[in-house]
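Take a look at the structure below.
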Amino acid sequence: AARPVAGGARPPALDALLLNRDAKAVRSSKRVLCWLRQDLRTHDNAVLLAAAAAAREAEGVSVLPVFCFNPSTYAAKLPLTGEAKTGARRAQFMLESVSDLRERLRALGSDLLVAVGEPEVVLAELAGDAPAAVLTHGEACTEERDAERAVAKALLARCGNSALVRVEGGFTMYDERDLPFDLRAMNDVFTPVRGKVEKNCEVRQAYAEPASGELPLGGFAGAPGLGSELPSLEAIGVDPEAAAVARAAPHRLAALDFKGGESAALQRVKYYLWDTDKASTYFDTRNGMLGGDYSTKFEPWLSAGCLSPRHVYAELMKYEDNRVANKSTYWIRFELLWRDFFRWYAQKHGARIFMLSGPARRHAKWRADRALFERWVEGRTGVPLIDANMREMAATGFMSNRGRQNVASYLALSLGVDWRLGAEYFESALLGYDPASNWGNWAAAAGVTGGRVNKFNPTKQSRDYDKDGDYVRAWLPELKDVPAPFCHEPWRLTPQQQQEFGCVIGVDYPKPAGEVPVWSGESGGGRGGGRARARCAAAAMPAVGAKDPLEGVTDMHGFEVVRSDFVAEYGSAAVLLRHSKTGAELMSVSNDDENKTFGVVLRTPPKDSTGLPHILEHSVLCGSRKYPVKEPFVELIKSSLNTFLNAFTYPDRTCYPVASANLADFYNLVDVYMDAVFFPRLTPSVFQQGRTC
Ligand SMILES: Cc1cc2nc3c(=O)[nH]c(=O)nc-3n(C[C@H](O)[C@H](O)[C@H](O)COP(=O)(O)OP(=O)(O)OC[C@H]3O[C@@H](n4cnc5c(N)ncnc54)[C@H](O)[C@@H]3O)c2cc1C
């Protein structure tokens with residue numbers, strides 16, 4: 001198996017890993033239990049390293065790593081849907097991860113005790129009656145925090161001197177302790193948070209794994225259960241029928257044959273970066289839906305903690321130094337920062353991310369339509385992009401990010417179904433379920449986070465991201481002979497075509513569950529290849545084609561994000577930036593209008609009533625440094641495709657806007673106009689002439 005390459009200072013001292021108070025608690029115990037949960041790895045694992053440091057510092061310290069298959073996680077049902085809280089596939093992935101971790105710990109001269117039971121019972125029993133310290137990475141979400149409290153309480157009850165020690169960090173790429181803001185006051189919108197973090201923080205070095213012999217089992221060597229067989233899926237609470245499916249060979253269309261464990265995780269990183277250079281094209285492929293390599297597929301390993309994001313970061317840095325540094329390699333880090341963001345967001349908002357009105361306390365009418373929800377789950381909504389993705393999820397436990405955005409938007413915004421049902425279904429079915437990322441993304445999709453709301457038009461999305469229909473046809477055999485574009489909107493087939501393509505709507509493939517998501521735009525039509533406006537008939541919220549205006553921007557040219565918002569009235573995403581040196585403000589707005597618009601606005605408050613600002617407005621349009629002709633705009637307009645070109649003087653400001661649907665024309669206009677505004681050929685005679693006009 002690949003070994004980690006993390007290069008952090010080794011071995012770190014206890015004081016470098018823990019707060020004073022916690023280091024003291026560990027030092028006062030000769031028995032240290034490492035309670036591993038979503039950190040199933042030996043590399044970059046501060047819990048293991050803190051235990052190793054304690055054993056180095058004092059004679060006779062015994063260390064036992066422990067993992068518990070908690071029945072309230074593995075044998076329980078979710079409250080709204082009744083789905084298994086941990087679906088069989090993820091349970092299998094976790095079993096594999098635990099098995100791999102045990103092998104790796106054994107290779108270091110340690111072991112892993114694998115128990116089936118409540119952690120508070122298992123750990124208190126193992127801690128016994130002499131002082132013991134239980135080390136664990138602190139978790140972010142309510143349920144996991146409750147489990148920590150239960151363990152702390154049980155330890156205290158068992159032996160007054162035993163303690164639970166929460167080790168910080170370990171889950172995110174950026175360490176929360178380095179953030180330049182208080183989490184409680186964190187902006188709820190990603191872009192400004194990203195701006196601040198990227199500007200002010202550095203990713204800490206990943207730790208190397210403990211050296212062989214650094215985790216002495218000592219007195220724990222004979223602990224009951226140590227060395228016994230791993231439990232079966234059934235023994236940890238998985239339904240036997242589902243367990244059999246989870247153990248079977250992966251579906252032939254599965255994006256990847258995901259194997260749990262750190263060894264497979266490190267192998268995947270190696271494959272994606274070093275063996276295939278896929279990391280260097282990630283930006284262009286990341287919206288794909290078919291196959292293993294359009295995205296990293298790190299998710300299940302990151303969520304189980306088999307892979308440290310800091311290790312990924314370190315590898316990306318090395319890759320950039322040795323192979324290529326481009327937008328794609330940056331974008332993987334960008335996505336990992338999204339993951340960090342949702343973790344911090346969950347910490348900030350606590351239980352609210354699980355509530356119907358969300359952190360934004362947005363109260364809307366949601367449908368509790370069970371039948372509609374079931375159709376969505378089973379991939380029978382009659383909307384191919386949604387159905388294909390849902391069937392992929394059910395058959396494999398994975399779905400692309402593009403798919404997730406669409407199915408979530410469709411359930412919550414198009415069908416108006418209680419979004420928590422969808423989030424629960426994902427919680428059950430996803431291999432890479434992570435509470436903060438899942439519930440945070442769902443709340444965002446449902447429009448209850450306070451961030452931008454994207455209502456996707458699945459027909460447009462299907463045509464944009466699955467142009468030839470390969471993805472929908474692969475997952476929907478009913479449509480296998482239906483050509484594009486009909487496979488994206490089969491309700492448009494005439495009765496004859498339905499016969500011809502062997503797909504009768506309402507018989508072979510369902511009629512759409514909601515109103516049909518019409519997409520009337522044709523790529524390449526209109527001026528400058530612009531696109532017609534999307535019409536989304538099922539309207540719970542306005543249809544939006546607005547991208548993040550900063551998407552793809554890697555160099556901010558000295559600007560900082562001040563605010564980022566979605567303006568529902570205009571269906572536009574807007575970002576306000578400020579230039580750090582000059583204070584110049586820049587507002588960038590994105591929507592699905594085919595026009596590209598640019599304007600400069602200058603403050604021109606008048607000192608008197610001579611009309612000077614208006615005279616100046618006219619004067620600047622009489623030739624410039626680069627275009628020293630008398631009337632550049634008269635010349636320009638003759639051949640320009642502009643859709644707007646004007647200048648106005650208000651009582652306190654002067655504006656110079658231009659617009660065109662043609663990109664080349666747009667840049668020409670901007671060039672001529674900006675030269676006029678900033679470098680006018682403003683001679684006394686031009687001014688006099690303007691004054692007398
Ligand atoms: C409704 C919904 C539910 C989701 N549920 C989860 C979940 O339970 N667990 C989870 O890890 N991600 C979740 N995501 C985020 C994202 O879809 C997955 O992380 C990504 O698709 C996994 O594939 P990948 O590893 O190939 O990602 P890549 O595209 O290769 O991205 C690399 C990594 O960046 C992180 N990442 C990327 N996008 C996001 C995002 N939007 N939010 C948080 N992290 C991100 C992930 O850790 C991912 O592995 C969800 C997104 C949506 C819209």
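Atoms within a ligand are numbered from 1 in the order they appear, just like the ligands themselves. For the numbers below, each heavy atom of this structure counts, side chains included, while hydrogens, waters and symmetry mates do not. Count residues from 1 along the sequence.
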Under 4.0 Å to a heavy atom of [X] - the qualifying atoms of ligand 1, by number:
{"X": "D434", "value": "7 (C), 8 (O), 9 (N)"}
{"X": "L336", "value": "33 (C), 34 (O)"}
{"X": "Q405", "value": "53 (C)"}
{"X": "F342", "value": "42 (N), 43 (C)"}
{"X": "N401", "value": "16 (C), 17 (O), 21 (O), 51 (C)"}

Residue-ligand contact [X]/ligand 1, heavy atom below 4.0 Å:
{"X": "A445", "value": "no"}
{"X": "K297", "value": "yes"}
{"X": "I332", "value": "no"}
{"X": "F341", "value": "no"}
{"X": "F398", "value": "yes"}

Not counting sequence neighbours, which residues clear side chain to side chain donor-acceptor pair (under 3.5 Å) with D418? List them please.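 Listed in chain order: R420.
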
Please enumerate all residues that pass side chain to side chain donor-acceptor pair (under 3.5 Å) together with E299, with sequence neighbours excluded.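 Once residues adjacent in sequence are excluded, the partners of E299 under the side chain to side chain donor-acceptor pair (under 3.5 Å) criterion are R404.
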
Decide whether a cation-pi geometry holds between K467 and Y471; the criteria are a distance under 6.0 Å from NZ or CZ to the six-membered ring centre and an angle within 45° of the ring axis.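 Verdict for Y471: no cation-pi partner in K467.
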
Note, L385 side chain near H488 side chain (heavy atom, < 4.5 Å):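 No; the side chains remain at least 4.5 Å from each other.
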
